[in-house]
Amino acid sequence: MLNVCATVQGCIGGVSGANQTAPLMEKEAPMMKKLVSLVLALMLCLSCVSALAAEAWTVTCPWAPSGVAAMVNQKAASLSTTYSQDYVLVANAEKGDTATINSWLTKYTEADPQMCFIGEGMFGLTAILDPERMNFTYDDFEYVENLYSSIFVASARKELGLTSIDALKAYLEAGNQIMVGTNGATGSEAFLAAALIGAMGYGDQFYLIPYEAAQAVARGEVDIAVSHQSQILETWQQGGVDVFAAFDGEPIAQGPFKGVEGVGQYGYPYFRNRCFIFAKAGADEQKIADLKALYAQILTDEEMVDWLNNTMLLEADVMTEEEVIAHIDNVKNIVEEYYDLVAE
């Protein structure tokens with residue numbers, strides 16, 4: 001502002017002195033205030049234009065609005081504007097599972113800025129167990145990214161002393177019957193339990209109890225439970241159960257259950273729970289590539305990774321489409337091999 005005043009002074013004939021400069025500054029002050037206001041208004045307009053230019057993509061979760069997938073969807077959406085000026089992710093949840101996806105497909109075209117979640121439960125389980133519920137196949141979608149992975153764990157009531165996979169096998173070798181609690185009679189947890197005990201050779205000593213697994217084992221109503229890590233965490237922290245196995249190929253690498261051995265280390269079948277993001281088949285290739293790149297940034301964000309690992313007990317796990325298809329095929333193989341144990 002002093003430079004502006006000096007310039008003005010030169011233009012009016014070299015006026016100098018404190019008494020002459022003060023009135024000049026008083027005259028210029030309103031003009032400068034108007035100029036600053038104009039600049040701020042211009043910046044605000046530019047910001048608004050930028051926001052309006054960003055394309056909003058709604059991401060529909062077909063499960064409970066209070067569930068894990070919906071929560072991760074909201075978190076990812078909140079970070080989208082940090083990494084993109086072109087796209088804004090909008091989290092949506094419409095509970096209904098397969099029915100929600102059936103409706104989603106009829107409601108939108110490939111030109112609509114819409115994505116949805118589908119997991120191995122639909123493509124790997126429902127496709128075999130109840131295919132008539134599905135009005136779609138994998139070919140109806142364009143793969144974008146995998147949002148997260150969850151490693152299921154097996155826990156046992158304390159009285160049994162089952163602290164390892166070998167201990168479970170010894171318990172079954174002794175002729176004991178075992179009641180296993182799972183969330184649903186034919187869900188992922190049920191097939192993982194059947195695959196573990198069936199692969200050990202003791203499928204005839206195995207009884208599935210479709211119940212709220214973590215609560216059931218905590219109350220001693222079942223012998224073991226298969227659940228998400230977050231579901232059994234509090235009971236384990238209180239000393240009510242032993243968490244003795246992870247349904248993965250290696251020991252759990254982080255979090256409160258770090259070091260719990262993976263069933264895959266013993267050659268037993270397993271799969272992770274995953275949440276795939278899809279657009280409709282035929283969607284613009286460049287936009288899909290951009291969205292995939294956006295998710296890659298979100299899923300490597302330090303805040304996001306820390307929240308997934310330490311609050312949700314999940315993992316960021318970006319995947320290629322080839323890895324997705326291999327995952328689905330693995331789930332299908334397990335369902336087909338151990339169907340009789342679960343369906344009995």
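All values below come from the heavy atoms of this structure, side chains included, with hydrogens, waters and symmetry mates left out.
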> Does the side chain to side chain contact (heavy atoms under 4.5 Å, CB included) test come out yes or no for Arg157 and Asp223, once each step is laid out?
Replying inline: CA-CA 6 Å; Arg157 54 190 179 90; Asp223 298 314; 3.0 Å; yes

>> Surrounding NZ of Lys292 (heavy atoms of other residues, nucleotides or ligands, distance under 6.0 Å), is the total greater than 12?
In response: yes

> Taking C-beta and beyond as the side chain, do Lys332 and Ile128 meet within less than 4.5 Å on heavy atoms?
Replying inline: yes

> Can the ring centroids of Phe278 and Tyr138 be said to lie less than 6.0 angstrom from one another?
Replying inline: yes

> Closest heavy-atom contact between Ala185 and Leu208?
Replying inline: O-CD1, 3.9 Å

> Does Phe141 have its ring centroid less than 6.0 Å away from the ring centroid of Phe136?
Replying inline: yes

> Has Glu285 got more than 12 heavy atoms of other residues, nucleotides or ligands less than 6.0 Å from its CD?
Replying inline: no

> Checking Asn146 side chain against Cys275 main chain: does a donor-acceptor pair fall under 3.5 Å?
Replying inline: yes

> Taking Asn135 for the side chain and Ile101 for the main chain, is one N or O donor matched with an acceptor at less than 3.5 Å?
Replying inline: no

> Would you say Glu302 has more than 12 foreign heavy atoms packed within less than 6.0 Å of its CD?
Replying inline: no

> Can any side-chain N or O of Asn73 pair as donor or acceptor with the backbone N or O of Val59 at less than 3.5 Å?
Replying inline: yes

>> Under a 3.5 Å cutoff, is there a donor and acceptor pairing between the side chains of Gln297 and Asp301?
In response: no

> Do you know which two heavy atoms are closest between Met122 and Pro62, and how far apart they sit?
Replying inline: CE-CG, 3.9 Å

>> Less than 3.5 Å apart, any donor N or O on the side chain of Glu145 or Tyr143 sitting next to an acceptor on the other?
In response: yes

> More than 12 heavy atoms of other residues, nucleotides or ligands under 6.0 Å from CD of Glu212: is that the case?
Replying inline: no

> Minimum heavy-atom separation for Thr60 to Thr100, with atom names?
Replying inline: CG2-CG2, 4.2 Å

> When rounded to the nearest 0.5 angstrom, what is the spacing between CZ in Phe271 and CG in Asn333?
Replying inline: 11.5 Å

> Which atom names give the shortest non-hydrogen contact between Ala156 and Ile224, and what distance separates them?
Replying inline: CB-CG2, 3.7 Å

> Do you know the tightest heavy-atom contact between Phe117 and Ala69?
Replying inline: CE1-O, 3.7 Å

